[in-house]
Protein chains: 2
Amino acid sequence: MGERRVTMRDVAKASGVSPATVSFVLNNVTEQHISPATRDRVTTAARELGYVPHAIAKALREGTSRIVLLALPAGIRGPGLDAYTRGLDDELARHGHVLLVRHGSSLHGTLASVIATVSPRAVIDLSGLYREAADGPAAEPVTSNDGGWIDGLAAHTLVQLRHLTRAGHTSIAVALPPDDSGWARLARVRLHFAREAAARIGLAEPPTLTIPEDAAEAARAVRDFRREFPSVSAVAAFDDAVAMHLLSVLHGLDVAVPGQLAVIGFDAVEYGSFATPALTSVHIDAQSYGQRAARTVLGLEPPSEPPAPATVIVRESV
Amino acid sequence: MGERRVTMRDVAKASGVSPATVSFVLNNVTEQHISPATRDRVTTAARELGYVPHAIAKALREGTSRIVLLALPAGIRGPGLDAYTRGLDDELARHGHVLLVRHGSSLHGTLASVIATVSPRAVIDLSGLYREAADGPAAEPVTSNDGGWIDGLAAHTLVQLRHLTRAGHTSIAVALPPDDSGWARLARVRLHFAREAAARIGLAEPPTLTIPEDAAEAARAVRDFRREFPSVSAVAAFDDAVAMHLLSVLHGLDVAVPGQLAVIGFDAVEYGSFATPALTSVHIDAQSYGQRAARTVLGLEPPSEPPAPATVIVRESV
DNA sequence: TATGATTACTAAATCGAATTAGTGCAACCA
DNA sequence: TGGTTGCACTAATTCGATTTAGTAATCATA
């Protein structure tokens, strides 16, 4: 109740100087000359009073808060994005910033109004990037402040397909989630990258297999697909959920995995190892991408090492 | 660059009144008498200029921002918590607030300093609640602003065990994640609730089965457990990850599920349906708990309907 | 017709920090 | 001795919205 907050004025009074001087000392303003004695008195007073700068006042003065906004499309979740978020959060915290995650799910308040409300230092709009990348065949993101996340997605898709060709497969399909699943946009992006990757390593354009939610429908879809494309010997899945769904359908259809059809997932969830057969998947070091993104938006040098390449977690399904 | 922000002053100038009047109109201050004509001029001017109130200035004046902080322990994720967060986010957005999620993972900056920095309207500290609930056997949370989330966890654990007894099981065990998995604290809470629930429905205290990460170790742990407690015919798992791990171990050990041992999960992840056998699990309407939490912290009436009870997603494993 | 109440507003202070424009004072150079 | 420069600080303004105290003008009442 009565806990009034310790302001700069209090520190000033306690150390016998003006608030301006306190500000100069605490912000290490180099253009101002402050005697070491005063500097010392101010810092100890601040410490003893437990002074914490009031970010809101600071933000009002500076015109921008120390908040970074991450806008995600609705319904997009997964271990990769979680790790990305964590990397972002940690790196931002390391520089005194706070990550605000805005899920597209929010009914009211568009992103623009949230931005006007919070005055964030920067905005990482993955929903925009996803859209961007899906639209043009050039896939050149306008705002490249995502730490290379989308570029990474392309590279990782290449890793996924390459693993299949290295295992001897030459006729490869891509498995996608249903269009109404909320992943539709990202699915188009990934499909685009898969086609690019296939062209790069000299494969024919991969046919696509969309797997419906409903188990019976899914079984039918898979059976039809195998009838239409009998030569396909391996499937690169959009993510592990799609891969595991496919695995369970194939189990029901008595199709041997990887004997008759190999399956590789994406984004290596832990559950994958409990599937039968255990799911081979592509693991992404998304956390380092998050870290890069943080450094990018804060205007810092990106880390010298390039982001870790995707690694294939080899289990049983390929 | 030159895009100066539209302030209240601009609106005042455009409508020929003072900034104070603009504030009164825009905030519907009932203590002040404003003529309908003026009221109209101000609102249209605000609309035409595209005036968006500057939340930071507002926050400085009011001493608190329209931000609500959700503090989560490190490494705690899952569909339940995701849905909880979504419910919270949506309901807060509906009342002009923004949710800031703070993952315990952040290396620098304690929760206290983040609070001092952001001056949030409210803090929902689930890490604290988890600790609280785990400590005393009374499990009476000090801050009950979580919308009944922890209480719900207790109720849902009861649902989980009850489903097993209704299926005819009388000797039930609890499966837990390893202590070093980051879930340790929550695992203790859930175990506490499981014991309470068992007592309530007249079961003996359930033995616990901790399942190590490593597959070989896990297999050994399960075999030893079955040797020590041969009468146990059903296992209530901490979450679906543990349940699915158990399922894959049992598959390797040639133990029939649910024939020789029934398994029920918790928090119904989608992957569960792709396990063999498909995992029966407890689904929680966490979103409505998030919504309740939002209303609680904003000081609004909670919705009249009680939170939806947990439902059992019956598949094959029980 | 003077007094009081009500209406419809405005001026100015406030929140807490950052910053620009000064103000004394001492040292230094010619 | 007068002028310049450097040092160590302070006063006062600013960011944008809220709110208290106050002021004209109108209306009602005695």
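To find a chain, count down the sequence lines: A is the first, B the second, and so on, and within it residues start at 1.
Two residues are said to be in side-chain contact when any heavy atoms from C-beta on lie closer than 4.5 Å; A/Val25 and A/Arg41 fail this criterion. Side-chain contact check for A/Tyr289 versus A/Ile150: every heavy-atom pair is 4.5 Å or farther apart. Inter-residue side-chain proximity for A/Tyr84 and A/Ile124 is flagged as met; some heavy-atom pair is nearer than 4.5 Å. Annotation: side chain of B/Leu26 is in contact with side chain of B/Tyr51 (closest heavy-atom distance under 4.5 Å). Looking at B/Arg9 and B/Val22, their side chains never come closer than 4.5 Å, going by heavy atoms from C-beta outward. Within the 4.5 Å cutoff, the side chain of B/Leu153 has heavy atoms near those of the B/Leu186 side chain. Considering only heavy atoms from C-beta on, A/Gln291 stays 4.5 Å or farther from A/Asp90 through its side chain. Taking the side chain as every heavy atom from C-beta outward, A/Asp267 and A/His156 never approach each other to under 4.5 Å.
Interface limits on DNA chain C: the 5'-most and 3'-most nucleotides within less than 4.0 Å of chain B heavy atoms are C/dT7 to C/dG16.
Mapping A/Ser23 and B/Ala57 onto DNA chain C by nearest heavy atom places B/Ala57 at the nucleotide closer to the 5' end. Taking the nucleotide of DNA chain D with the nearest heavy atom to each of B/Asn27 and A/Leu60, the more 5' of the two is matched to A/Leu60.
A salt bridge between A/Asp10 and A/Arg5 is absent, with no side-chain N of the basic residue lying under 4.0 Å from a carboxylate O of the acidic one.
Computed from C1' positions of five pairs at each end, the angle between the two local axes of the helix from C/dT1-D/dA30 to C/dA30-D/dT1 equals 70°, rounded to 10 degrees.
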Nucleotides 4-12 of chain D: protein proximity per nucleotide (B base, S sugar-phosphate only, - neither; heavy atom, under 4.0 Å)
---SBBBB-

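The distance from atom CD of A/Glu62 to atom C1' of D/dT14 is 13 Å, rounded to the nearest whole Å.
Looking at every heavy atom in both residues, A/Gly96 comes nearest to A/Arg66 through O-NE, 3.3 Å.
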